[in-house]
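Below, chains carry the letters A, B, ... as their sequence lines are ordered, and counting in each starts from 1.
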Amino acid sequence: MTVRLLAEAFDPWREIVRYQEEQPALAGKFGATTVFVGTLRDFNQGHAVQAMTLEHYAPMTGEHLERVAREASERWPIADLLVIHRYGELRPNDPIVCVAVWAEHREAAFAACRYLIDELKTRAPFWKQEQTRQGRRWVAPEPKVK
Amino acid sequence: MSITVRFFASVRERVGKQLEAIDCAGINNVADVWRQSARVPMPDNLLAAINMEYARIDQPVRDGDEVAFFPPVTGGAP
């Protein structure tokens, strides 16, 4: 189980392959891998986005991401998980977050992946500031969908 | 001893500082820390944390605690 916060751009697919290769204990033990990758778009809430800065509360972010990861591994029978989250300055098309889950079967892999991304987005202290042609603006939280 | 106060994102910009240590005299709860340190009206949607755990505005604060104030987190649409 690994959670990483990165200041620099990363390639989620390369990181997933590398991580899997670095876990010899995983080999032969999983039949399902699910992946979620969140990427910065060039358009949001009616404005073209030139860049985005992700501010975070460093130790609190790490602690809460680790906690969500522990919860997912306790709730579902999964073999391993990897969470990578960016902070700092991002450009459109840059991956923001990547969640990968390895499990024996797809049901647990899908459920844990979904839980991880949903929980970290509402619990980890990150704040988005977008750079548009009109200037910088803090992104307002999305209304809760029932 | 003192209380460490941190401000993040739009709250940091509104208050005009990101980090401060304040004397714990007269401080009982999170709202007291805001009053003592921020010196601007409290925003409606303000969130707070004590020692990196989400906290209520009326939650007690002790000497040596780190209290943080920030807006709702922005993880994006579901």
Near A:Glu71 CD, under 6.0 Å, is it more than 12 heavy atoms from other residues, nucleotides or ligands? yes
Assess whether atom NZ of A:Lys29 is packed by more than 12 heavy atoms of other residues, nucleotides or ligands within 6.0 Å. no
Pick one of side chain, backbone, both or neither for A:Arg136, based on which atoms fall under 4.5 Å of a heavy atom in chain B. neither
With a cut-off of 6.0 Å (strictly less than), are more than 12 heavy atoms of other residues, nucleotides or ligands near CZ of A:Phe10? yes
Contact residues of residues 23-35 of chain B (partner chain A; heavy-atom separation under 4.5 angstrom): none
Can you tell me if CD on A:Gln134 sees more than 12 non-hydrogen neighbours from other groups inside 6.0 Å? yes
Residue by residue, scan residues 63-71 of chain B and write down, ordered by number, those that have a heavy-atom distance under 4.5 Å to chain A; if none do, write 'none'. B:Glu66, B:Ala68, B:Phe70, B:Pro71
Say whether A:Trp102 and A:Tyr115 are linked into one hydrophobic cluster, either directly or through other cluster members, by side-chain heavy-atom distances under 4.5 angstrom. no
With heavy-atom distances below 4.5 Å as the criterion, would you say the side chains of B:Thr74 and A:Phe126 are in contact? no
Determine whether more than 12 heavy atoms belonging to other residues, nucleotides or ligands lie under 6.0 Å from atom CD of B:Gln18. no
Ignoring hydrogens, what is the shortest heavy-atom contact between B:Val73 and A:Thr122? Give both atom names and the distance. CG2-O, 3.4 Å
Taking a hydrophobic cluster as the set of Ile, Leu, Val, Met, Phe, Trp and Tyr residues connected by side-chain heavy atoms closer than 4.5 Å, whether directly or through intermediates, do A:Met1 and A:Val99 fall within one such cluster? yes
Take atom CZ in A:Arg137; do more than 12 heavy atoms of anything else shown fall under 6.0 Å from it? yes
Given the rule that I, L, V, M, F, W and Y join up when any side-chain heavy atoms are under 4.5 Å apart, are A:Tyr87 and A:Val37 in one cluster? no
Check for me, please, whether B:Phe7 and A:Trp127 land in the same ILVMFWY cluster - side-chain distances under 4.5 Å, paths through other members count. no
Check whether B:Leu19 and B:Val40 end up in the same hydrophobic cluster, where Ile, Leu, Val, Met, Phe, Trp and Tyr are linked by side-chain heavy atoms less than 4.5 Å apart. no
Tell me the residues of residues 47-62 of chain A whose non-hydrogen atoms fall below 4.5 Å from those of chain B, in number order. A:Glu55, A:His56, A:Tyr57, A:Pro59, A:Met60
By residue number, those in residues 42-56 of chain B with heavy atoms under 4.5 Å from heavy atoms of chain A are B:Ala49, B:Met52, B:Glu53, B:Tyr54
Answer yes or no: are there more than 12 heavy-atom neighbours, outside A:Asn93 itself, under 6.0 Å from its atom CG? no
